[in-house]
Undergrad: 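Take this structure, written in structure tokens, and hold onto it; I'll ask about it next.
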Amino acid sequence: MVVYTQEHVYRHPWDRVTAAAWRKFTDPSSRTALSHVADVHTLHRRLDPETGRLQEARSITVRSPPLPFILRRLLPAAASSPSGAALCHCVETSLVDAPRRAMDVVVRNVSLRGLIEVEERSTYRPHPEQPEEWTQFRQETTIRCRPLAALAAVAEKVETRCAERFLQNSAKGREVVERICRYLEAEAAGAAPSKI
């Protein structure tokens, strides 16, 4: 099993960063940077008017990186793909507590779980040193290659390779959020064009 944590400070207020995070997958300008994301659909959304808390679940379909040969043998769809990649379906659940300025996001894969389990937990909070101006983002990802657990060396290699790809995609996601934040900042100042 591979577990890694990333932290990033957005030099933008919490409300701007969380608004940008919501737009990340739907922003047309993000398609190139987030080319691994094939589809996103909202499954459920509920706003509690009394508490100001928003709960949402989304389905996210992503293209996997090219899978190692041993995993392709276990997954017929990847074996038949020229790139050795497969589509993976995930569920993202989000809880936004606007009065407390807290957003928590959990993403888990629901397909390919017989091969690999991935859980990504992210938090967005006002930065402790600059709570009105900066946002602290923290992400913890756990990756476990199930069928190869008995072959520790092979499992570790597969998990590490997957972790490297997740780290690359996380960096792309942060760049997209940063770009949208700059757009929202310019829009608030009246200097932004009509679209992102």
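As a basis for the values below, the full set of heavy atoms in this structure was taken, side chains included, without hydrogen atoms, waters or symmetry mates. Numbers here simply count residues along the sequence, with the first being 1.
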Undergrad: So which atom in Arg16 and which in Cys181 form the shortest heavy-atom distance, rounded to 0.1 Å?
TA: CD-O, 3.3 Å
Undergrad: Apply side chain to side chain contact (heavy atoms under 4.5 Å, CB included) to residues Gln130 and Val9 and explain how you reach the verdict.
TA: CA-CA 10 Å; Gln130 300 281 339; Val9 175; over 6 Å; no
Undergrad: Kindly assign one of parallel, tilted or perpendicular to the pair Tyr124 and Tyr10, based on the angle between their ring planes and the thresholds 30° and 60°.
TA: parallel
Undergrad: Tell me, which pairs form a salt bridge (Lys or Arg N to Asp or Glu O under 4.0 Å) where one or both residues lie in residues 121-133, sequence neighbours left out?
TA: Arg101-Glu132, Asp104-Arg125, Glu119-Arg121
Undergrad: Without hydrogens or angle criteria, can the side chains of Gln168 and His36 be said to hold a donor-acceptor pair below 3.5 Å?
TA: no
Undergrad: When you compare the side chain of Val96 with that of Trp22, does any pair of heavy atoms fall below 4.5 Å?
TA: yes
Undergrad: Are Val107 and Ile116 connected in a single hydrophobic cluster, I mean Ile/Leu/Val/Met/Phe/Trp/Tyr linked by side-chain heavy atoms less than 4.5 Å apart?
TA: no
Undergrad: In the single-linkage hydrophobic clustering (I, L, V, M, F, W, Y; side-chain heavy atoms under 4.5 Å), do Val177 and Phe137 co-cluster?
TA: yes
Undergrad: Nearest 0.5 angstrom please: Glu120 CD to Asn109 CG, how far?
TA: 11.0 Å
Undergrad: Taking all non-hydrogen atoms of both residues, which atom of Cys90 and which atom of Val62 are closest, and how far apart?
TA: SG-CG2, 4.4 Å
Undergrad: Rounded to the nearest 0.5 Å, how far apart are OH of Tyr4 and CD of Gln139?
TA: 6.0 Å
Undergrad: Could you tell me the separation between the NZ atom of Lys24 and the CZ atom of Arg174, rounded to the nearest 0.5 Å?
TA: 9.5 Å
Undergrad: Using side-chain heavy atoms (C-beta onward) and a distance below 4.5 Å, is Asp97 in contact with Arg53?
TA: yes
Undergrad: Which distance, rounded to the nearest 0.5 Å, do you find between the CD1 of Ile180 and the CD of Glu185?
TA: 14.0 Å
Undergrad: Should Glu187 and Tyr183 count as side-chain neighbours, where that means a heavy-atom distance under 4.5 Å?
TA: yes
Undergrad: Between Ser94 and Arg58, is the side-chain hydrogen bond (donor to acceptor under 3.5 Å, both in side chains) condition met? List the steps.
TA: CA-CA 8 Å; Ser94 301; Arg58 296 194 289 188; 5.7 Å; no
Undergrad: Supply the atom-to-atom distance Arg23 CZ to Ser29 OG, rounded to the nearest 0.5 angstrom.
TA: 11.0 Å
Undergrad: What's the spacing between Thr142 OG1 and Met1 CE if we round to 0.5 Å?
TA: 6.5 Å
Undergrad: Identify the heavy atoms of Pro128 and Gln136 that sit nearest to each other, and give their distance.
TA: CD-OE1, 3.4 Å
Undergrad: Between Arg108 and Val91, is a side chain to side chain contact (heavy atoms under 4.5 Å, CB included) present by the stated rule, with each step listed?
TA: CA-CA 6 Å; Arg108 292 184 183 100; Val91 172; 5.9 Å; no
Undergrad: Would you say Leu54 and Trp14 are hydrophobically clustered, going by side-chain heavy atoms of ILVMFWY under 4.5 Å?
TA: yes
Undergrad: Measure from the side-chain N and O atoms of Ser111 to the backbone N and O of His89, and report whether any donor-acceptor pair falls under 3.5 Å.
TA: yes
Undergrad: Could you state whether Leu34 and Leu184 fall into the same hydrophobic cluster, counting links through intermediate Ile, Leu, Val, Met, Phe, Trp or Tyr residues with side-chain heavy atoms under 4.5 angstrom apart?
TA: yes
Undergrad: Does one hydrophobic cluster hold both Val176 and Val40, with members joined at side-chain heavy-atom distances below 4.5 Å?
TA: yes
Undergrad: Are the side chain of Thr135 and the backbone of His12 linked by a donor-acceptor contact shorter than 3.5 Å?
TA: yes
